[in-house]
2 protein chains.
Amino acid sequence: MASSTEENYLKVLFNLTQEKTEVPISELATHLGVSMPTVNSMIKNMQKNDWVIYEKYKPVTLTEIGKKTAALIVRKHRLTEMFLVNKMGFGWEEVHEIAEQIEHIHAKKFFERMDEMLGFPTVDPHGSPIPDKQGRIQELHYKNLSLAQAGNQVILSALADSSSDFLEFLNSRELKLGMELKILSREPYDSSMTVSYGDRKSETLSEKVCEKLLVRLVE
Amino acid sequence: MASSTEENYLKVLFNLTQEKTEVPISELATHLGVSMPTVNSMIKNMQKNDWVIYEKYKPVTLTEIGKKTAALIVRKHRLTEMFLVNKMGFGWEEVHEIAEQIEHIHAKKFFERMDEMLGFPTVDPHGSPIPDKQGRIQELHYKNLSLAQAGNQVILSALADSSSDFLEFLNSRELKLGMELKILSREPYDSSMTVSYGDRKSETLSEKVCEKLLVRLVE
DNA sequence: GTATAAAGTTAGAGGAATCTAACAAATAAA
DNA sequence: TTTATTTGTTAGATTCCTCTAACTTTATAC
């Protein structure tokens, strides 16, 4: 069984391999906040446990077992976030840190009970998919808000950034998942967008913000 | 700040010093499931951190700081047990293992929210007192059922043993905290007691069981 | 009150996870 | 294509928590 440390390595690998499949040692080091030699030696151990594929000077890949193990940790993390928000009244900007710790609890029953109480949710409070008990993750094909056209109606469905800074920004604009946004215009110069939603008639969102908002089009 | 390991040492010391104030190394070793040399060296470290008082060949005592630190860990443990039972529907026999892990979470907010949701409880599901935020613990002066007299009416208020074996035994007899028991008789030969409670007209409880049941007399 | 047993200590070692310093390989720039 | 930069590796050390083996002190029994 993976130690807490190994679980963190697996989780970071899982998150980074959602885009590309291979992850360089340096990237792991920065995301984990440890030195490259530390990652190097840790990855060698994890290779022995058949969690990763690794060759000298090459980037790291997860094995199938590694992927599943990682997905089950992410499952615990996201279920926990959902529980903290929906059952304990935390804000979506507060739950990441707490879930980082609870995800390492070894008590199946605990997470199964959460799952049940939540009605078997498929996404977390930031719209990220919750892997199922087999570690399978459904691909959500949302679109970047920055790619939408003036005149489109979209539903804010997920976030590409769950940092508390960004979440607090969204709070300040009363932006929540599930909201319908109307794209009023798009400024060609800086790619900012002016949108309306809820009670807000006209809000301008920078390109940086739009790129972090994942939406689906309303037909 | 205490590591998880140190937290476990503190917690065991706290529990063992509820009876007597001094704890021999050997006792710590058995309760923690580690060897005596391990305890010996760990206790030396903890002494440096001013959590325990220790002299060669002498038993260990908690300092005031140690007591408070320990009480706050016990607080997290007992709040968690209460949460698991009252808010998540677990049985009182299932919660100890889970709480053993959750007690090491460093997220004040998380436990404060539990406390709030539970309405600031003062005892856990086994009747043990929950230390307050300052680490103060109220002395509950319950009596051992084995000391009660035939004819007494008592309220089952706490348990001197929270092992799952014992809890499952109590489940099988439908014994729950808060129940009123009538002591019908006491067998002088083996100190067993015959009692009635709830729908049960006559149940015989061995001395061993009676010693683990803490009650208060109904005036 | 000595002898035996139990409890406690010291010494030395090992695994996990981390670091820094020094070196090697791969990649990018000139 | 040689040079410089970035990335990755090796070696060696450190801290935390643990062990076993050997020894010492304290407590118990006769």
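Lettering follows sequence order; numbering is per chain, from 1. Computed from a predicted structure; not experimentally measured.
- Going from atom CG of B:L32 over to atom C1' of D:dC17 covers 12 Å, rounded to whole Å.
- Heavy atoms of A:P24 sit under 4.0 angstrom from primed sugar atoms or phosphate atoms, though from no base atom.
- Nearest nucleotide to the side chain of A:M36, out of D:dT7, D:dA21, C:dG8: D:dT7.
- Spacing between atom CG of A:L28 and atom C1' of D:dT7 amounts to 13 Å, rounded to whole angstrom units.
- B:K20 NZ: more than 12 foreign heavy atoms inside a 6.0 Å radius.
- At distances below 3.5 Å, at least one donor-acceptor pair connects side-chain atoms of A:K76 with backbone N or O atoms of A:I105.
- Along DNA chain C, the nucleotide nearest A:Y57 and the nucleotide nearest A:M42 are compared for position; the residue whose nucleotide lies closer to the 5' end is A:M42.
- Residue A:Q134 places its CD atom among more than 12 non-hydrogen atoms of other residues, nucleotides or ligands, all under 6.0 Å distant.
- The nearest whole Å value for the distance from the NZ atom in B:K48 to the P atom in D:dT15 is 11 Å.
- Using a 4.0 Å heavy-atom criterion, one finds that B:K58 contacts no nucleic acid atom at all.
- Atom NZ in B:K87 sits 5.5 Å away from atom CE in B:M117 (nearest 0.5 Å).
- When rounded to the nearest whole Å, the span between CD of B:E27 and C1' of D:dA27 equals 16 Å.
- Residue A:T38 places at least one side-chain N or O closer than 4.0 Å to OP1 or OP2 of C:dC19.
- Across the protein-nucleic acid pair, B:I25 atom CD1 and D:dC19 atom P stand 14 Å apart, rounded to whole Å.
- Judged by distance alone, the side chain of B:T17 and the main-chain N or O of B:L13 form a donor-acceptor pair under 3.5 Å.
- A close approach under 4.0 Å does occur between a side-chain nitrogen or oxygen of A:S35 and OP1 or OP2 of C:dC19.
- Remark: C1' of C:dT18 and CG of A:N45 are 12 Å apart, rounded to the nearest angstrom.
- The aromatic rings of B:F83 and A:F83 lie perpendicular to each other, with more than 60° between the two planes, well past the 30° mark.
- Of all nucleotides listed (D:dC19, D:dT10, D:dT7), D:dT10 comes nearest to the side chain of A:N40.
- The side chain of B:K44 contributes an N or O atom lying less than 4.0 Å from OP1 or OP2 of C:dT10.
- Between the NZ atom of A:K56 and the C1' atom of C:dC23 there is a distance of 12 Å, rounded to whole Å.
- Note: CD (A:E55) to P (C:dA26) measures 12 Å, nearest angstrom.
- Annotation for A:S191 and A:R186: closest pair OG-NH2, 3.7 Å, computed over non-hydrogen atoms.
- Residue A:S41 places no side-chain N or O under 4.0 Å from the OP1 or OP2 atom of C:dT18.
- Applying a 4.0 Å cut-off to non-hydrogen atoms, the residues of residues 1-11 of chain A that approach DNA chain C are A:S3, A:T5, A:Y9, listed by residue number.
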